[in-house]
There are 2 protein chains.
Amino acid sequence: MSDPTAGLNSEQLGAYFALMEVSSLLQYAVEEHLRADGDLSWVQFQILARLVDAPEGRLRMTDLADGVVYSRSGLTYQAGLLDKRGLITRSPSPEDERSVMVTVTDAGRELVARVLPGHVARVRGLLFEAMSDEDLAALGGVLARVRAHMRATPPRSAKRRAGRSGAG
Amino acid sequence: MSDPTAGLNSEQLGAYFALMEVSSLLQYAVEEHLRADGDLSWVQFQILARLVDAPEGRLRMTDLADGVVYSRSGLTYQAGLLDKRGLITRSPSPEDERSVMVTVTDAGRELVARVLPGHVARVRGLLFEAMSDEDLAALGGVLARVRAHMRATPPRSAKRRAGRSGAG
DNA sequence: TATTGTTATACTCTATAACTATA
DNA sequence: TATAGTTATAGAGTATAACAATA
């Protein structure tokens, strides 16, 4: 564990910078592919991927916002683009008339299916090719723990309606 | 290792998503702080931090671009902002008249010093607080290996003058 | 009153291509 | 010819605040 009053030691600094560089390079490579192969931004791909995984391919805007985007207007903007292209549809929820249900269309599912192989190929080639099975287990374990910690840690300056689960 | 023709298994998928979410949340939190505390973007902070660590506080534009930014014009833009604020200076290099040497000013050093404690505090609170010493060693080891692999792996569509070391 | 979502607006950042200048 | 950097420009994405509608 770490002393909350001290700076970061060199091992922590190294891990921090490595994390940021690795994720940056990975996201850049993946976005480049998504854009070239499916004309999708990272956020758009995440929205579609979540919907494809959801029961009946449907989620509320609020559920989508949570974890994908840091502001609601940002989600509305991206959903608008996907809607225009016929990859999703939006309709008012019958249960709660304030809510909007977002549904993947067949075209949306097809696009995800078309883009996915190249996507995972890039992730494998950049991220997992350099990893042993033990590396993978270790990385996955630590990151899962850290993610749970982050989700449970509210931002210092908690904003109202910030979109993130921890920020509301 | 992983079969280059197969998809990702669930452990790999989980590690991939966890990596992206962790780095996204961390970068968001850190950027929020940098903006509030020093009116700095993430890229601007990285530029200043690199200069502070460099001998005599100086680097060429090209050296700065490498690893910080994905296009040269992007670096020129950010450097222009830092220059306007008096945090860096730019002058033609005596050795190679094509090059521009970027130097941190005292004001730039002071700003980094002022912002750094809060910066590392956020990183510690979000990333390292949930980690044991063994976690840290494991994470650092894997990420260092992955980073080296990524740096050695040129993008499929190698662009000329893309700014990244691997992409040029 | 609080929540869900949209819209208007303004802004930041990025990338491409064209350009200058030096090696 | 190749490299270093800037500029013009255009586009993508974001966030804030104001808004309407429902709970």
Side-chain angles (χ1 to χ4, degrees), chain A residues 24 27-28 31-32 34-36 38-47 59-66 68-85 88-102 155 157 159-165 167-168, chain B residues 24 27-28 31-32 34-36 39-47 58-66 68-85 88-102 155 157 159-165 167-168:
Chain A
S24 169
Q27 179 155 355
Y28 186 81
E31 282 188 323
E32 190 184 47
L34 289 174
R35 183 65 69 191
D39 195 25
L40 288 173
S41 71
W42 170 248
V43 170
Q44 287 163 16
F45 174 72
Q46 284 200 92
I47 292 172
L59 287 172
R60 294 185 309 149
M61 288 291 283
T62 293
D63 301 327
L64 271 177
D66 190 79
V68 170
V69 125
Y70 293 92
S71 75
R72 285 164 181 264
S73 63
L75 178 60
T76 297
Y77 171 76
Q78 295 289 351
L81 296 180
L82 294 175
D83 199 339
K84 253 184 237 165
R85 291 174 60 185
I88 63 170
T89 58
R90 285 178 291 180
S91 54
S93 164
E95 307 129 34
D96 185 337
E97 295 268 327
R98 295 171 304 182
S99 292
V100 168
M101 295 297 304
V102 182
S157 64
K159 291 177 193 165
R160 291 156 303 126
R161 297 191 51 186
R164 280 277 171 177
S165 54
Chain B
S24 167
Q27 180 154 356
Y28 185 81
E31 282 188 322
E32 188 184 50
L34 289 174
R35 184 63 70 191
D39 196 25
L40 288 173
S41 71
W42 170 248
V43 171
Q44 288 164 15
F45 174 73
Q46 285 199 94
I47 292 173
R58 302 190 310 155
L59 287 171
R60 294 185 311 150
M61 287 292 284
T62 293
D63 301 326
L64 270 176
D66 189 81
V68 170
V69 126
Y70 294 92
S71 76
R72 286 165 181 266
S73 64
L75 179 60
T76 298
Y77 171 76
Q78 295 289 351
L81 296 180
L82 293 175
D83 200 339
K84 254 184 235 164
R85 290 174 61 185
I88 63 171
T89 59
R90 286 178 289 180
S91 53
S93 165
E95 306 128 36
D96 185 338
E97 295 267 329
R98 296 171 302 181
S99 292
V100 168
M101 296 297 303
V102 183
S157 62
K159 291 177 193 166
R160 291 155 303 126
R161 297 190 52 184
R164 280 279 173 176
S165 54

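Here is how names work: the chains are called A, B, and so on, in the same order as the sequence lines, proteins then strands, and each is numbered from 1.
- When rounded to the nearest whole Å, the span between CD of Gln27(A) and C1' of dG13(D) equals 13 Å.
- Atom CG in Leu75(B) sits about 16 Å away from atom P in dT16(C), given to the nearest Å.
- Note that CD of Gln46(B) is 11.5 Å distant from CG of Leu40(B), once rounded to the nearest 0.5 Å.
- The distance between atom CE of Met61(B) and atom P of dA21(C), rounded to the nearest whole Å, is 18 Å.
- Remark: Glu97(A) pairs with no residue by the side-chain contact (heavy atoms from CB on, under 4.5 Å) rule, at least two apart or across chains.
- The line from CG of Leu64(B) to CG of Leu59(B) is 5.0 Å long, rounded to the nearest 0.5 Å.
- Comparing Thr76(B) and Gly74(A) by the nucleotide of DNA chain D whose heavy atom lies nearest to each, the residue mapping closer to the 5' end is Thr76(B).
- Listed here is the closest heavy atom pair of Ser99(A) and Arg60(A): OG-NH1, 3.4 Å.
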Protein-nucleic acid N or O pairs under 3.5 Å, nucleotides 10-13 of chain C:
from	atom 1	to	atom 2	distance (Å)
dC13(C)	OP1	Arg35(B)	NH2	2.7

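- Contacts of Ser41(B) classified as side-chain contact (heavy atoms from CB on, under 4.5 Å), with partners at least two apart in sequence or in another chain: Arg35(B), Val43(B), Gln44(B), Gln78(B).
- Atom OH in Tyr70(B) sits about 17 Å away from atom C1' in dA12(D), given to the nearest Å.
- In terms of the side-chain contact (heavy atoms from CB on, under 4.5 Å) criterion, residue partners of Thr89(B) (sequence neighbours excluded) are, by chain and number, Thr103(B), Thr105(B).
- Taking atom CG on Asp63(B) and atom P on dT3(D), their separation rounds to 15 Å, with Å as the unit.
- In this entry the distance linking CD of Glu31(B) with C1' of dG13(D) reads 13 Å, nearest Å.
- Ser71(A) and Tyr77(A) share no side-chain donor-acceptor pair at under 3.5 Å.
- The separation between Asp66(B) atom CG and dT3(D) atom P is 15 Å, rounded to whole Å.
- Scanning residues 92-100 of chain B for heavy-atom distances under 4.0 Å to DNA chain D yields Arg98(B), Ser99(B), Val100(B).
- Here the C1' atom of nucleotide dT22(C) and the CZ atom of Arg60(B) are 13 Å apart, to the nearest Å.
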Checklist entry - Where do Met61(B) and Thr76(B) land on the side-chain contact (heavy atoms from CB on, under 4.5 Å) test, with the steps shown first? => result CA-CA 8 Å; Met61(B) 287 292 284; Thr76(B) 298; 4.0 Å; yes
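- Residues passing the salt bridge (Lys or Arg N to Asp or Glu O under 4.0 Å) test with Arg90(B) are Asp83(B), sequence neighbours excluded.
- Donor-acceptor pairing under 3.5 Å, judged by distance alone, is present between the side chain of Ser73(A) and the base of dA15(D).
- Within the structure, every side-chain polar atom (N or O) of Arg72(A) is placed at least 4.0 Å from both OP1 and OP2 of dT6(C).
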